**Q** 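Starting off with a structure, shown below.
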Amino acid sequence: MGLGHEQGFGAPCLKCKDKCEGFELHFWRKICRNCKCGQEEHDVLTSNEEDRKVGKLFEDTKYTTLIAKLKNDGIPMYKRNVMILTNPVPAKKNISINTVTFEWAPPVQNQTLARQYMQMLPKEKQPVAGSEGAQYRKKQLAKQLPAHDQDPSKCHELSPNEVKQMEQFVKKYKSEALGVGDVKLPGEVETRDTDKNNLNNGDRGTSAAVGAMEGKSPDQKASQYSCYRCKLNMKEGDPAVYAERAGYDKLWHPACFVCCTCSELLVDMIYFWKNGNLYCGRHYCDSEKPRCAGCDELIFSNEYTQAEGQNWHLKHFCCFDCDCVLAGEIYVMVNDKPVCKPCYVKNHAAICQGCHNAIDPEVQRVTYNNFNWHATQECFLCSCCSKCLIGQKFMPVEGMVFCSVECKKKMMS
């Protein structure tokens, strides 16, 4: 089973810039071996790969209308709705055409509605080709819908039993939680529900709400509805997002259709519904299964370890720098990642201002601002007269410390 190590090889890191030599996937972590950033932080051309991933997600669901199978290999591909808008722009002699391409737009027939939806999103999150918003969408596709949360072939060394468990888990969330938002004017939804109610008198649903709205125009009805998240009223004429699994008595402003855990816009309106809340794919899975902090994969084994408030596959509780197994070993947490003692001393330890050597994580130290000293008679001394300052008052000046005003003046003169 491969993790796709050729994908994006050598791509520059958008976060580290020139500090990274180029993307090189770690052999089991989902990060770059050179800079430790994720693939989503690198300028990797992933549109085809992402379309395959979302296509696989929608396979065997009611959303198969959003995918197409390629003739040559039968792989389901996501049919993104790309929207191209053209606006005439007055020029000195004639009128030029300004074209704006949205890399994704709601799959609705009414382009005016799709345009309204886009305008209601924050500018920096509108997926206009080549913009910050397009980069945001790409990053959220990687974060919210990890391929290794649905495809066992993207995981590292799963046992046959773990593969079976994962397949059952994916099948379950596809049938019980997965959905795609629906963009509509609130009045349209009520009209549709009224018609349905007339056809099926015994049906329940939103009939009470419909009855209260009879005789009002769609725009008037829209202003009577409040967003499920922010509780503010919908403005007349504005589109709303509905989630079928939540029921059509609930609706959201486009910018409020977000994950209840990370508060990020649900990418391409793909949601997971659970206990009255919207989740992105990642955080829905996190609410159901433990996730390994080492490889970022869900854990389907009964045996795993918990350390520092996180879960780990037994084989993945390793040093973040050198990958040595840490079971029974001394380690230090650096930016929420475990690092073995030798790597800590070599790469992360504070340097003593006295002896200029690394400070062992197990020994006592004195820290002031960003300066550190071994808490010994040999290192924490007056920078002028070498008097030991442990347990004494001292006067700091940048990386130096003094026992008195006299020593400070003498040294500074």
Side-chain angles (χ1 to χ4, degrees), residues 50 53-67 76 78 80-81 104-108 117 120-121 125 137 140-151 165-186 188-190 192-193 196 203-209 225-232 234 239-291 298:
E50 295 293 1
K53 177 180 74 176
V54 179
K56 187 171 179 63
L57 180 66
F58 289 153
E59 193 175 27
D60 301 323
T61 71
K62 65 178 293 181
Y63 300 105
T64 50
T65 54
L66 296 175
I67 62 177
Y78 178 35
R80 279 180 296 126
N81 183 39
W104 170 86
V108 292
Y117 168 91
M120 292 177 72
L121 297 182
K125 294 181 180 179
R137 175 183 173 271
Q140 293 308 314
L141 273 170
K143 284 186 175 181
Q144 295 183 23
L145 303 170
H148 50 270
D149 277 10
Q150 59 156 318
D151 187 351
Q165 284 190 59
M166 183 174 185
E167 288 172 345
Q168 290 172 342
F169 174 69
V170 172
K171 186 177 180 180
K172 186 171 182 285
Y173 75 54
K174 283 186 177 185
S175 67
E176 296 180 3
L178 174 66
V180 179
D182 203 4
V183 177
K184 293 187 178 297
L185 293 172
E188 288 180 354
V189 175
E190 292 303 341
R192 189 179 69 180
D193 284 340
K196 196 182 291 182
D203 284 2
R204 304 183 78 180
T206 56
S207 56
Y225 288 96
S226 58
C227 172
Y228 187 69
R229 182 172 186 260
C230 72
K231 310 304 180 190
L232 297 176
M234 303 298 296
V241 184
Y242 290 84
E244 185 180 12
R245 290 194 185 274
Y248 279 89
D249 58 332
K250 300 177 184 67
L251 69 168
W252 288 260
H253 291 110
C256 290
F257 200 64
V258 300
C259 171
C260 68
T261 301
C262 63
S263 298
E264 296 291 354
L265 274 182
L266 291 164
V267 66
D268 293 12
M269 299 193 301
I270 300 169
Y271 69 87
F272 291 73
W273 181 253
K274 179 183 174 182
N275 297 335
N277 289 305
L278 292 169
Y279 289 85
C280 67
R282 170 178 290 274
H283 291 114
Y284 170 81
C285 291
D286 286 351
S287 75
E288 293 282 315
K289 297 284 181 183
R291 186 182 295 277
L298 298 172

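Bear in mind the structure is a predicted one, so any value in this text is a computation, not a measurement.
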**Q** Quick check: closest heavy atoms across P107 and N81, and the distance to 0.1 Å?
**A**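 It is CA-ND2, 3.8 Å.
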**Q** Y63: which residues meet the ring pair (Phe, Tyr, Trp, His ring centres under 6.0 Å) condition with it, sequence neighbours left out?
**A**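 Per chain and number, Y63 pairs via ring pair (Phe, Tyr, Trp, His ring centres under 6.0 Å) with F58.
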**Q** Does a side-chain heavy-atom distance below 4.5 Å link P254 with L121?
**A**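 Yes, close enough: below the 4.5 Å cut-off.
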**Q** Looking at every heavy atom in both I67 and G55, which two are closest together, and how far apart are they?
**A**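 Nearest heavy atoms, I67 then G55: CG2-CA, 3.6 Å.
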**Q** Go through the steps to decide whether L66 and V54 satisfy the test side chain to side chain contact (heavy atoms under 4.5 Å, CB included), and finish with yes or no.
**A** CA-CA 9 Å; L66 296 175; V54 179; over 6 Å; no
**Q** Can you see which heavy atom on Y284 is nearest to which on S287, and at what distance?
**A**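 Looking at all heavy atoms of both residues, the shortest contact is O-OG, 2.6 Å.
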**Q** Could I get the full list of salt bridge (Lys or Arg N to Asp or Glu O under 4.0 Å) partners for D60, not counting sequence neighbours?
**A**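 Applying salt bridge (Lys or Arg N to Asp or Glu O under 4.0 Å) to D60 gives none.
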**Q** Distance check, rounded to the nearest 0.5 Å: R229 atom CZ versus K231 atom NZ?
**A**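 Reported value, rounded in 0.5 Å steps: 10.5 Å.
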**Q** Roughly how far apart are M166 CE and C285 SG, rounded to 0.5 Å?
**A**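 Separation between the atoms: 8.0 Å.
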**Q** Please name the pair of heavy atoms, one in L251 and one in P186, separated by the smallest distance, quoted to 0.1 Å.
**A**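 The answer is CD1-CG, 3.8 Å.
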**Q** Which residues pass the salt bridge (Lys or Arg N to Asp or Glu O under 4.0 Å) test with K171, not counting sequence neighbours?
**A**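 Applying salt bridge (Lys or Arg N to Asp or Glu O under 4.0 Å) to K171 gives none.
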**Q** Walk me through it: do D149 and R291 pass the test salt bridge (Lys or Arg N to Asp or Glu O under 4.0 Å)?
**A** CA-CA 10 Å; D149 277 10; R291 186 182 295 277; 2.8 Å; yes
**Q** On a heavy-atom basis, which atom in R282 and which in P146 lie closest, and how many Å separate them?
**A**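 Heavy-atom minimum between the residues: NH2-CG, 3.5 Å.
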**Q** Work out which heavy atom in K174 is nearest to a heavy atom in K56; give both atom names and the distance.
**A**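 Looking at all heavy atoms of both residues, the closest pair is NZ-O, 3.0 Å.
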**Q** Counting C-beta onward and ignoring hydrogens, is there a side-chain heavy-atom pair between Y228 and C256 closer than 4.5 Å?
**A**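 Y228 does not reach C256 side chain to side chain.
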**Q** Which residues satisfy the side-chain hydrogen bond (donor to acceptor under 3.5 Å, both in side chains) test with N277, sequence neighbours excluded?
**A**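 For N277, no residue satisfies side-chain hydrogen bond (donor to acceptor under 3.5 Å, both in side chains) once neighbours in sequence are set aside.
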**Q** Go through the steps for E288 and F169 under the test side chain to side chain contact (heavy atoms under 4.5 Å, CB included), then give the verdict.
**A** CA-CA 9 Å; E288 293 282 315; F169 174 69; 3.7 Å; yes
**Q** Atom CD of Q140 and atom SG of C259: how far apart are they, to the nearest 0.5 Å?
**A**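 Answer for the CD-SG pair, Q140 versus C259, is 9.5 Å.
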**Q** Please list, one pair per line, the donor and acceptor atoms closer than 3.5 Å that link side chains of residues 263-272 to other protein atoms, with sequence neighbours excluded.
**A**
{"from": "E264", "atom 1": "OE1", "to": "Y136", "atom 2": "OH", "distance (Å)": "2.6"}
{"from": "D268", "atom 1": "OD1", "to": "R137", "atom 2": "NE", "distance (Å)": "2.9"}
{"from": "D268", "atom 1": "OD2", "to": "Y78", "atom 2": "OH", "distance (Å)": "2.9"}
{"from": "D268", "atom 1": "OD2", "to": "R137", "atom 2": "NH2", "distance (Å)": "2.9"}
{"from": "Y271", "atom 1": "OH", "to": "E244", "atom 2": "N", "distance (Å)": "3.1"}
{"from": "Y271", "atom 1": "OH", "to": "R245", "atom 2": "N", "distance (Å)": "3.1"}

**Q** Taking only residues two or more places apart in sequence, or in another chain, which ones meet K250 in a side-chain hydrogen bond (donor to acceptor under 3.5 Å, both in side chains)?
**A**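 Once residues adjacent in sequence are excluded, K250 has no partner under the side-chain hydrogen bond (donor to acceptor under 3.5 Å, both in side chains) criterion.
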**Q** Go through the steps to decide whether H283 and C262 satisfy the test side chain to side chain contact (heavy atoms under 4.5 Å, CB included), and finish with yes or no.
**A** CA-CA 8 Å; H283 291 114; C262 63; 3.4 Å; yes
**Q** Say whether, by atom type as modelled, one donor and one acceptor occur between the side chain of Q150 and the main chain of L145 under 3.5 angstrom.
**A**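 Looks like no, no N/O pair under 3.5 Å.
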**Q** Heavy atoms, side chains only, cut-off 4.5 Å: are D182 and Y248 in contact?
**A**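 They are in contact (side-chain heavy atoms under 4.5 Å apart), so the answer is yes.
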